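Proteins come first, then strands; the chains are lettered A, B, ... in the order of their sequence lines, and each starts at number 1. All figures in this text were calculated on a predicted structure; none of them were measured in a lab.
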Protein chains: 2
Amino acid sequence: MMDIRMTSQRRLLASVLNESNDHPDVETIYQRCKAKDESTSIASIYRSLSLFEDTGLIEKLDMGDGKARFEIKRTDHDHLLDVETGQIHEFKSQELQRLIKEIADEMGFDLTEHRLEIYGRKQGRTACRCYEIKIY
Amino acid sequence: MMDIRMTSQRRLLASVLNESNDHPDVETIYQRCKAKDESTSIASIYRSLSLFEDTGLIEKLDMGDGKARFEIKRTDHDHLLDVETGQIHEFKSQELQRLIKEIADEMGFDLTEHRLEIYGRKQGRTACRCYEIKIY
DNA sequence: ATTAATAGTGATAATCATTCTCATTAAAAA
DNA sequence: TTTTTAATGAGAATGATTATCACTATTAAT
């Protein structure tokens, strides 16, 4: 039954995450910490991010590129990704929150968390698909 | 303006995906193809999965472990993950589908697709967190 | 306070999923 | 057919993440 220790590195990481209003990837988080403490190690960043995630302090986002992005966990909003620009937009929907909890409940589960990303294209623009494929 | 060719390998991959009612990862898909054609290369599996995804034939799922999972795209259902067992449950919700489209629309976007995973614990069980952490 | 016990760190090697390279093969077009 | 060029298989390369390990710092016990 090991216990968790509060260290200067974790305090720094927490403050960096707290000051970040975007959705930084690990490398970016690492650079921001390093700017405040040159001795910061990326290994510790990974370890502490993982720890913070386990404790529910932060949330890991997957935006399709191969790298994890993080933000302080706010269960009250989700994300919409502009497929053209890659820009991330946040949105809140009580109705959605309620519905998701309801669905979990109907299936006999207590909702732990959810992960929703909506992908969309700015209205007015048209998709340009350069090829077509038919199977069979 | 390159065009796409239908090859025996892609036909095989498509049939394997079609016969899969679970959510196999790349390694599993590779093994299933290999069982039918020993000469199957994992590089081609990756290439063709990526192609199929681009064309909208299949859907990539991210279940939190570091590996991508795939299934034939059915826009009519989403997934609930049992955090205790790792088991994936599918569910359908018209209301959810409608709401997501509505949200995108309200934000000025045409919905391209969405990705939703609900995480839950079977009702009745209690979470066992082995530690507690306080920041500040 | 001092010490003892042990969790955390920095540096870097190891891992592992995915992507790239390139010579060869096979579709589709001419 | 022959030509063109996309796709393949094999394996190397990449890049994000994880593991290792000697050392340091935090917490608990004295």
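Residue A/Arg11 contributes atom CZ, which lies 11 Å from atom P of C/dT9 at whole-angstrom precision. For the pair B/Arg10 CZ and D/dA6 C1', the interatomic distance rounds to 8 Å; values are reported in whole Å. Counting to the nearest Å, the P atom of D/dT8 and the CE atom of B/Met6 are 9 Å from each other. Between B/Asp3 atom CG and C/dA26 atom C1' there is a gap of 14 Å when expressed in whole angstrom units. Taking atom OH of A/Tyr30 as the reference point, atom P of C/dT9 lies 14 Å away to the nearest angstrom. Per the geometry, CD1 belonging to A/Ile45 stands 15 Å off C1' belonging to D/dA16, to the nearest Å. The CG-C1' distance, from B/Leu49 to D/dT8, rounds to 15 Å in whole Å. Atom CD1 in B/Ile4 sits roughly 14 Å away from atom C1' in D/dT8 (whole-Å rounding).
For A/Asn21 and A/Glu71, the side-chain atoms include no donor-acceptor pair closer than 3.5 Å. Between A/Arg47 and A/Ser44, the side chains place a donor N or O and an acceptor N or O closer than 3.5 Å (distance only, hydrogens not considered). A side-chain N or O of B/Gln123 and one of A/Asp105 form a donor-acceptor pair less than 3.5 Å apart. A donor-acceptor contact closer than 3.5 angstrom links the side chains of B/Thr28 and B/Asp25.
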Mind listing the N/O atom pairs, protein and nucleotides 17-19 of chain D, below 3.5 Å?
| residue | atom | partner | partner atom | Å |
| --- | --- | --- | --- | --- |
| D/dT17 | OP1 | A/Ala68 | N | 3.2 |
| D/dT17 | OP2 | A/Tyr46 | OH | 2.6 |

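Residue contacts shown for A/Ser8 are absent, as no nucleic acid heavy atom lies under 4.0 Å away.
Atom CG of B/Asp82 and atom CD of B/Gln87 lie 6.5 Å apart (nearest 0.5 Å). Distance check: A/Ser48 OG to A/Ile58 CD1 gives 9.0 Å after rounding to the nearest 0.5 Å.
Considering only side-chain N and O atoms, B/Ser44 lies under 4.0 angstrom from the phosphate OP1 or OP2 of D/dG9. Between A/Ser41 and C/dT9 there is no side-chain polar atom (N or O) within less than 4.0 angstrom of OP1 or OP2. Of the side-chain N and O atoms in A/Arg5, none sit less than 4.0 angstrom from OP1 or OP2 of C/dT9. Listed pair B/Thr7 / D/dT8 meets the phosphate criterion, a side-chain N or O lying under 4.0 Å from OP1 or OP2. Checking the phosphate oxygens (OP1, OP2) of C/dA26, no side-chain nitrogen or oxygen of B/Gln9 falls inside 4.0 Å.
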Test ring pair (Phe, Tyr, Trp, His ring centres under 6.0 Å) applied to A/His79 and A/Phe91, step by step: CA-CA 6 Å; A/His79 301 91; A/Phe91 68 86; 7.9 Å; no
